[in-house]
Amino acid sequence: MSTTAIHLLLLLLLFFLSITTAGAATVSSDIVALKAVKSAINPTTIPSYTCLHSWDFTSDPCSPPHITHFLCGLSCSGNRVTQLTLDPAGYSGTLSPLVSQLTQLITIDLSDNKFSGKIPTSLFTLPNLQTLILGSNSFSGVIPPAISNLKKLQTLDISHNSLSGSLPTSLTSLTELTRLDLSFNKLTGPIPELPRNIIQLALKANSLSGYLQKHSFNKLTQLEVVELSENSLTGTIPGWFFLIPSLQQVNLANNYFTGVEVFKPVNSNLVAVDLGFNKISGYPPTNFSAYPLLASLTLSYNKLRGRIPGEYSKLSRLFLDGNFLIGLPREFFSGKTSISGSLGDNCLKSCPVSSELCLKKQKPWSICRQAYHGKLKPKS
Ligand SMILES: *[C@@H]1O[C@H](CO)[C@@H](O)[C@H](O)[C@H]1NC(C)=O
């Protein structure tokens with residue numbers, strides 16, 4: 001081969017190389033969006049060790065190698081940004097509405113920072129978004145009905161923010177959603193009809209009110225975990241609730257429920273139920289013992305009266321403290337059980353102090369007498 005031929009070959013090679021690298025260069029609208037995302041963050045909150053600090057637009061965001069620039073905080077597929085996953089560095093600022101130009105985004109995770117202001121509505125136009133995690137920031141405003149446009153969304157976590165207003169009824173159209181966590185916000189109003197494929201539902205520590213309504217939970221055949229504690233829910237916890245087919249863990253503690261209805265299941269995976277710190281009156285529901293896998297039951301600090309069902313002795317954790325219970329079945333102290341929990345702060349005259357279950361003192365007799373309208377005999 002002549003030298004000219006070799007030169008020509010090298011030139012050709014260079015030409016193709018430049019084409020392929022140009023092909024991998026990030027599309028300009030994605031670059032504009034990334035620049036906007038960075039510039040909406042207060043530069044004094046971007047220290048040198050952070051992902052955002054390495055975002056230097058003199059180099060291309062999606063083109064490797066990432067040795068000094070764009071070290072972290074985003075991922076690409078070809079020339080498009082597919083993940084925006086910022087490190088928990090305490091970035092403070094807003095989320096630029098131009099984020100919606102990153103139309104190939106599959107994942108956004110901005111958790112554990114100090115983003116504030118509204119979540120830009122343009123975000124809800126991203127057609128491919130599957131994971132949206134904005135937890136532990138200071139986002140405020142309402143959850144707009146347009147959230148239902150995120151047809152591919154599987155995980156939505158905006159817990160620990162300052163969202164207000166009520167949950168949009170359009171949530172039900174998020175048919176791919178399996179994990180919803182909006183705990184620790186300022187949400188009000190009732191629980192709407194929920195997306196039908198949800199597995200984990202967490203709305204803890206808001207101000208949600210109203211009854212547990214069947215239409216909210218009707219189609220939820222996958223629901224395993226329900227965390228609704230620390231809200232303002234009222235009424236009787238209905239019997240169908242514990243019969244939700246896949247249900248495993250339920251926390252309805254710290255609400256204003258006044259009663260509980262429990263039906264015997266045909267089959268159930270229910271393992272743990274916490275109904276503590278409500279206003280539930282009546283007798284402790286014996287039917288809970290018909291749930292074959294139930295291991296942990298908490299009914300602490302309610303207004304329960306009457307005898308403790310002997311059937312409860314097969315549980316491994318039982319918290320009944322802070323009620324007006326009388327009468328303690330023998331099964332509990334037969335030596336065959338190893339229950340942990342508490343039966344304290346009730347009206348159990350015979351709770352043996354040798355048992356850990358009885359460590360917490362019982363109520364003064366006068367209070368118990370009053371609770372039973374003076375009909376309580378001192379020997380019960
Ligand atoms: C216990 O469950 C049965 C069968 O589901 C039901 O008919 C009954 O009313 C329940 N008992 C109580 C006290 O709720």
Side-chain angles (χ1 to χ4, degrees), residues 191 194 201 210-226 228-229 231 233-332 337 339 341-343 345-348 357 368 371-373 375-376 380:
I191 300 169
L194 295 162
L201 172 70
Y211 304 128
L212 289 181
Q213 296 191 74
K214 194 156 190 182
H215 77 94
S216 313
F217 294 88
N218 223 357
K219 299 175 189 130
L220 278 57
T221 53
Q222 327 261 16
L223 187 64
E224 293 177 1
V225 181
V226 176
L228 290 173
S229 62
N231 278 289
L233 301 168
T234 52
T236 293
I237 302 165
W240 55 259
F241 185 80
F242 300 105
L243 298 178
I244 294 172
S246 303
L247 205 59
Q248 294 176 17
Q249 290 181 50
V250 172
N251 193 343
L252 301 176
N254 286 286
N255 278 285
Y256 300 113
F257 290 113
T258 52
V260 57
E261 185 180 40
V262 183
F263 297 147
K264 287 181 182 161
V266 176
N267 204 336
S268 169
N269 295 322
L270 197 61
V271 173
V273 173
D274 188 345
L275 309 180
F277 295 90
N278 278 286
K279 297 175 182 306
I280 299 170
S281 58
Y283 300 127
T286 311
N287 275 351
F288 269 133
S289 59
Y291 286 73
L293 302 181
L294 191 70
S296 177
L297 177 62
T298 301
L299 295 165
S300 305
Y301 292 90
N302 279 288
K303 296 176 172 179
L304 296 172
R305 300 148 47 90
R307 294 182 63 81
I308 298 173
E311 290 90 336
Y312 282 5
S313 63
K314 64 174 198 177
L315 297 166
S316 44
R317 287 162 54 83
L318 177 64
F319 291 87
L320 296 175
D321 47 321
N323 285 287
F324 299 93
L325 297 168
I326 49 167
L328 189 56
R330 206 158 293 189
E331 289 93 322
F332 278 88
T337 59
I339 299 188
S342 178
L343 305 178
D345 198 7
N346 274 294
C347 300
L348 303 167
L357 290 171
C368 290
Y372 285 87
H373 308 290
K375 286 182 200 140
L376 199 59
S380 62

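Ligands are counted one by one from 1 in listed order, and the atoms in each one are counted from 1 as well. All residue numbers in this chain count up from 1 along the given sequence.
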Where does Thr286 meet ligand 1, judged by heavy-atom distances below 4.0 Å: at the side chain, the backbone, both, or neither?
neither

Are Phe217 and Phe241 an aromatic pair, judged by ring center distance below 6.0 Å?
yes

Is any side-chain heavy atom of Leu223 closer than 4.5 Å to one of Leu194?
no

Considering only protein heavy atoms, which is closest to atom 4 (C) of ligand 1, and at what distance to one decimal place?
Lys264 N, 3.9 Å

Quick check: do Val226 and Leu247 have side-chain heavy atoms less than 4.5 Å from each other?
yes

Is a side-chain N or O of Tyr291 found less than 3.5 angstrom from the main chain of Ala272, in a donor-acceptor match?
no

To the nearest 0.1 Å, how far is atom 14 (O) of ligand 1 from its closest protein heavy atom, and which atom is that?
Val262 O, 3.6 Å

Protein contact for atom 7 (O) of ligand 1 (heavy atom, distance under 4.0 Å):
no

Can you confirm whether something in the protein, heavy atoms only, sits under 4.0 Å from atom 10 (C) of ligand 1?
yes

Which atoms of ligand 1 have any heavy atom of Asn287 under 4.0 Å away?
1 (C), 2 (O), 3 (C), 8 (C), 10 (C), 11 (N), 12 (C), 14 (O)

Heavy-atom nearest pair, Phe257 first then Asn278, reads N-OD1, 3.1 Å

